[in-house]
Asker: 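A single structure is presented below for examination.
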Amino acid sequence: MSVERIPAHFYAQSTIDLAKALIGNYLVHFLNGELLVGRITETEAYLGVLDRACHSYGRKQTKRTRILYEDPGHVYTYTMHTHCLLNVVAERSGQPEAVLIRGIEPVCGIEKMESLRGKSAQDKQFANGPGKLTQAMGISMNAYGESFIDGPLYIGYNGQKNGAPVATRRIGIENTGQAKYFPFRFIENK
DNA sequence: GTAACGATTTCCT
DNA sequence: GGAAATCGTTACT
């Protein structure tokens, strides 16, 4: 199976558009000579400065979040409750916005994923969460700061896209004021 | 150096 | 549906 890597300009669009555009495309990880491919089914936009739920709210900058201020197309991984979350830096340099990959469906390298995840790919709970998919794809903090444009981890173009993604309210961020009502979470329209 | 918090997952009731 | 687990990063003394 060959998956065409999406070029750099793809990432240089608004965070919302990027979040929608990612749905239906492939998340690809070249790991130890094996190709792991998952179809992206769920994403979430984090609008940095305006978004209280985001680590870069108010242009806050720390060691961990500085990658958000770099050029779009970078990999931003974040450790949470012993789990690793995967983000795609969007917009443009100096604009700390990113898209969180929240869910995938295994496509290629399934046996390897099952081994990494320790669960059957038949299970609907296999990779339907931010921490689960990073485990299934073998993604860790090692990926922090890499680029989707020329690294072992990248987004692959899927010729046959599905219908328009559905926007929903976000979840899991109850303590972030009004930001939790923003419809910035996108799921595949089935 | 120490304390508090969190973009989650999983298990229990 | 609700609570505990669990640990790196952040913020504060």
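Chain identifiers are assigned alphabetically (A, B, ...) following the order of the sequence lines, protein sequences preceding nucleic acid strands; residue numbering begins at 1 within each chain.
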Asker: Which whole-number value in Å describes the distance from A/Met80 CE to B/dA4 P?
Answerer: 17 Å

Asker: Assign A/Leu85 to base, sugar-phosphate, or nothing according to its heavy-atom contacts below 4.0 angstrom with the strands shown.
Answerer: sugar-phosphate

Asker: Measure the distance from CG on A/Leu100 to C1' on B/dT8 and round it to the nearest whole Å.
Answerer: 11 Å

Asker: Check A/Ala45 against A/Thr15 and note the closest heavy-atom contact, atom names and distance.
Answerer: CB-CG2, 3.8 Å

Asker: In this structure, how many angstroms lie between the P atom of B/dT10 and the CD atom of A/Gln125, rounded?
Answerer: 8 Å

Asker: With nearest nucleotides of DNA chain C determined for A/Thr82 and A/Thr62 from heavy-atom distances, which residue corresponds to the more 5′ nucleotide?
Answerer: A/Thr82

Asker: Report the distance from atom CZ of A/Arg92 to atom CG of A/Asp71, rounding to the nearest 0.5 Å.
Answerer: 12.0 Å

Asker: A/Arg66 near the nucleic acid: base, sugar-phosphate alone, or nothing, with a heavy-atom cut-off under 4.0 Å?
Answerer: nothing

Asker: Could you give the OH-to-P distance, from A/Tyr78 to B/dA7, as a whole number of Å?
Answerer: 6 Å

Asker: Take atom CZ of A/Phe186 and atom C1' of B/dA7, then tell me their distance rounded to the nearest Å.
Answerer: 16 Å

Asker: With a 4.0 Å limit, can you tell me whether A/Arg185 has a side-chain N or O closer than that to the phosphate oxygens OP1/OP2 of B/dA7?
Answerer: no

Asker: Which heavy atom of A/Leu153 sits nearest to which heavy atom of A/Ala143, and what is that distance?
Answerer: CD2-CB, 4.3 Å

Asker: Dot-bracket for DNA chain B, please. Rules: Watson-Crick or G-U, both distances under 3.5 Å, ( ) within the strand, [ ] when a pair crosses earlier ones, | for another strand, . otherwise.
Answerer: ||||||.|||||.

Asker: Side chains of A/Asn128 and A/Lys132: any donor to acceptor distance under 3.5 Å?
Answerer: yes

Asker: Would you mind telling me which residue lines up with the more 5' stretch of DNA chain C, A/Arg64 or A/His81, judged by nearest nucleotide?
Answerer: A/His81

Asker: Check whether NZ of the Lys or CZ of the Arg A/Arg102 lies under 6.0 Å from the centre of the six-membered ring of A/Phe186 and within 45 degrees of that ring's axis.
Answerer: no

Asker: Report yes or no: do A/Asp17 and A/Ser14 form a side-chain donor-acceptor pair below 3.5 Å?
Answerer: yes

Asker: Roughly how many Å is it from CG in A/Asn128 to C1' in B/dT10, rounded to a whole number?
Answerer: 12 Å

Asker: Rounding to an integer number of Å, can you tell me how far A/Lys132 NZ sits from B/dA7 C1'?
Answerer: 15 Å

Asker: I need the A/Leu68 CG to A/Tyr78 OH distance, nearest 0.5 Å.
Answerer: 11.0 Å

Asker: Kindly compute the distance separating CD1 (A/Ile110) from OG (A/Ser115), expressed to the nearest 0.5 Å.
Answerer: 13.5 Å

Asker: Which nucleotide of DNA chain C is the first, and which the last, in the 5' to 3' direction, to come under 4.0 Å of a heavy atom belonging to chain A?
Answerer: C/dA5 to C/dA11

Asker: Would A/Tyr46 count as stacking on B/dA7 if stacking means ring centres less than 5.5 angstrom apart and planes tilted under 30 degrees?
Answerer: yes

Asker: What's the shortest heavy-atom distance between A/Asn87 and A/Phe148, and which atoms?
Answerer: O-CE1, 3.9 Å

